[in-house]
Undergrad: 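This structure is in structure tokens; I'll ask about it shortly.
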Amino acid sequence: MGPLPHSMLEVDQLACLRGDALLFRGLSFCLAGGGLLHVAGRNGAGKTSLLRLLCGLMLPEEGEIRWHGKSIRAQREEYHGALLFLGHANAVKDEFSALENLRVACALAGRAVSEAQALAALDAIGLAHRVELDARHLSQGQRRRVALARLLLAETVPLWILDEPFTALDVPAVGLLARTIEAHLARGGAVIYTTHQDVPIASKSVQRIDVGEFAPC
Amino acid sequence: MLRILFAVVRRDLLLAWRRRADVFTTLAFFVIVASLFPLGVGPEANLLRTMAPGVLWVSALLATLLSVTRLFAADYADGTLEQMLLSTEPLTLIVLGKVMAYWLVTGLPLVVLAPLLGVQFDLPQGAIGVLSLSLALGTPALSLLGGIGAALTLGLRGGGVLLALLILPLYVPVLIFGAGAVGADAAGLGAGAHLLLLGACFLSALAVSPLATAAALRIAME
């Protein structure tokens with residue numbers, strides 16, 4: 001028996017308030033390298049709120065989130081360097097081409113990439129013929145792919161937080177994304193995601209949290 | 001550090017170029033508002049000369065107020081702002097880059113156009129020079145302060161009116177020293193003191209408002 005895998009992310013007794021409503025309370029989990037966490041729950045249960053809390057975009061009402069044993073609020077820039085978040089919105093600009101969108105998104109995140117790297121990622125995600133086209137002419141699924149191309153350029157970023165990543169994707173793209181997530185887990189990365197679709201993802205350590213179970217009575 | 005600043009400026013300039021119409025509406029607004037006054041009060045040269053600094057400055061201020069609401073709106077709507085908040089780069093630098101690009105596309109054209117409008121008010125040559133100089137110092141301050149308001153009112157209904165209420169009081173010193181500089185020069189008193197105070201307004205805005213704007217954005221995204 002080796003030592004227990006070291007926890008990357010520890011979430012302790014989290015409570016989340018939206019407006020006047022308490023969405024959940026007492027939510028705790030640990031996530032180690034190679035771990036996959038599926039956040040489930042009905043609409044409005046607070047899945048997206050939980051992910052935004054985990055990113056540090058929102059402050060929890062109670063509880064603490066620790067990255068490698070230290071509160072994420074005490075190490076914002078280090079934590080952001082270790083985190084990649086894909087939200088509901090694609091952060092894709094209509095006025096930019098797929099290539100420009102990808103390069104700008106990476107530069108804004110503080111991880112600038114070369115044109116060749118960006119082209120390779122777009123090629124891998126199936127947009128090779130659309131790299132120069134303005135994003136306004138892309139379909140919803142293609143715009144999602146532009147956003148997802150960032151994952152292919154973020155192999156060294158340990159924690160991926162993905163909000164409904166499979167939305168608007170066709171079957172091959174869903175498969176491609178599942179394989180990308182599996183590869184990231186195999187590298188020792190951790191992934192937290194929400195979905196209503198049933199997508200099999202192979203992983204040594206799978207956890208599932210239903211946010212609704214932590215709703216106050 | 002500077003790389004992210006230039007990356008943001010470049011990105012926003014490119015975006016502004018691809019949506020040129022937005023820039024032209026602001027400029028057209030400035031020109032039309034400033035031109036309404038001579039039409040309204042009649043061709044009385046002395047009167048026009050006296051009110052020119054105030055009218056041009058108020059027009060520039062309103063044009064800024066009109067366009068600054070859009071500073072973060074598009075990035076907020078499409079999720080880019082979330083990504084900016086999660087960047088490893090300091091948010092204050094990203095904000096500063098956005099405001100710089102905003103000034104380059106809306107403030108700088110005002111500075112360039114103002115002398116032409118000054119001629120319409122029969123301003124003397126010297127006063128036109130001072131007008132350009134005062135706008136060159138004052139409009140960056142307007143952009144920086146407007147950024148705070150734009151961040152605070154992000155995602156609110158009726159945000160435009162609230163933005164005006166929040167920001168107009170902060171614009172008062174800039175307006176007084178800006179218009180005052182032109183007035184003082186026209187009166188033969190020398191614009192030096194006003195311009196120095198205007199420069200001080202600009203530098204304090206430069207020091208404070210990126211931090212305040214970044215803090216306001218974090219609150220707005222909660």
Side-chain angles (χ1 to χ4, degrees), chain A residues 16-19 48-49 51-61 72-73 75-97 100-113 134-136 143-144 146-147 150 154 157 159-161 163, chain B residues 1-23 70-98 100-101 105 151 154-157 211 214-222:
Chain A
C16 172
L17 194 70
R18 280 315 257 169
T48 295
S49 296
L51 297 195
R52 291 173 63 85
L53 284 175
L54 295 177
C55 293
L57 285 170
M58 270 165 50
L59 294 181
E61 190 65 14
I72 58 168
R73 297 186 60 196
Q75 46 166 348
R76 189 150 64 196
E77 282 180 16
E78 294 93 317
Y79 183 56
H80 287 173
L83 166 79
L84 188 136
F85 172 63
L86 282 188
H88 269 293
N90 289 326
V92 168
K93 290 272 175 215
D94 280 346
E95 292 83 356
F96 285 163
S97 70
E100 286 167 332
N101 264 305
L102 183 57
R103 291 200 67 193
V104 161
C106 290
L108 275 182
R111 307 180 191 109
V113 293
D134 275 4
R136 81 177 90 240
R143 296 164 70 92
R144 195 69 183 157
V146 175
R150 291 178 52 213
V157 180
L159 177 63
W160 291 0
I161 298 184
D163 195 356
Chain B
M1 282 272 278
L2 285 179
R3 213 171 57 173
I4 185 73
L5 190 68
F6 289 126
V8 174
V9 172
R10 223 183 123 241
R11 162 188 178 272
D12 276 31
L13 288 180
L14 192 59
L15 270 179
W17 174 248
R18 305 245 167 114
R19 316 175 176 143
R20 292 181 281 273
D22 283 2
V23 177
R70 290 198 300 265
L71 185 53
F72 300 108
D75 287 337
Y76 177 69
D78 68 17
T80 312
L81 198 57
E82 272 175 2
Q83 299 297 337
M84 290 175 172
L85 260 63
L86 294 176
S87 173
T88 51
E89 305 287 348
L91 185 59
T92 40
L93 277 183
I94 296 178
V95 165
L96 186 62
K98 282 192 71 69
M100 277 169 70
V105 294
L154 204 59
L156 298 182
R157 265 172 299 153
L211 291 170
L217 285 177
R218 289 198 194 280
I219 296 169
M221 289 308 288
E222 277 228 346

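Lettering of chains follows the sequences in order, A, B, ..., and the numbering in each one begins at 1.
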Undergrad: Looking at A:Gly56, A:Gly81, A:Ala109, A:Ala89, which one has more heavy-atom pairs under 4.5 Å with chain B than the rest?
TA: A:Ala109
Undergrad: If you tally heavy-atom pairs under 4.5 Å against chain A, which of B:Ile94, B:Leu15, B:Leu85, B:Ile4 wins?
TA: B:Leu15
Undergrad: Could you look at A:Leu84 and say if it's the side chain, the backbone, both or neither that has a heavy atom under 4.5 Å from chain B?
TA: neither
Undergrad: Under 4.5 Å, counting heavy-atom pairs only, tell me which of A:Gly110, A:Ala91, A:Ala147 racks up the most with chain B.
TA: A:Ala91
Undergrad: Based on non-hydrogen pairs under 4.5 Å, which of B:Leu86, B:Ile219, B:Leu81 is most in contact with chain A?
TA: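 Heavy-atom pair counts peak at B:Leu86.
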Undergrad: Would you name the heavy atoms of B:Val8 and A:Leu108 that are closest together and state the gap between them?
TA: CG2-CD2, 3.8 Å
Undergrad: Table up the donor-acceptor pairs between chain B and chain A that sit under 3.5 Å, atom names plus distance.
TA:
residue, atom, partner, partner atom, Å
B:Arg18, NH1, A:Glu95, O, 2.8
B:Arg18, NH1, A:Glu100, OE1, 2.9
B:Arg18, NH2, A:Glu100, OE2, 3.0
B:Arg19, NE, A:Glu95, OE2, 2.6
B:Arg19, NH2, A:Glu95, OE2, 3.4
B:Asp75, OD1, A:Lys93, NZ, 2.5
B:Asp78, O, A:Ala91, N, 2.7
B:Asp78, OD2, A:Lys93, NZ, 2.8
B:Glu82, OE2, A:Arg52, NH1, 2.3
B:Gln83, OE1, A:Arg150, NH1, 3.3
B:Gln83, OE1, A:Arg150, NH2, 3.2
B:Gln83, NE2, A:Phe85, O, 2.8
B:Leu85, O, A:His80, ND1, 3.4
B:Ser87, O, A:His80, ND1, 3.3
B:Ser87, OG, A:Leu108, O, 2.5
B:Thr88, N, A:Ala109, O, 3.2
B:Thr88, OG1, A:Ala109, O, 3.1
B:Met221, O, A:Arg52, NH2, 2.4
B:Glu222, OE2, A:Leu59, N, 3.2

Undergrad: Counting heavy-atom pairs closer than 4.5 Å to chain B, which one of A:Leu59, A:Leu57, A:Val92, A:Leu86 comes out on top?
TA: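 It is A:Leu57.
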Undergrad: Taking side chain as everything from C-beta outward and backbone as N, CA, C, O, which of these in B:Met221 sits under 4.5 Å from a heavy atom of chain A? Side chain, backbone, both or neither.
TA: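 Both parts, heavy atoms under 4.5 Å.
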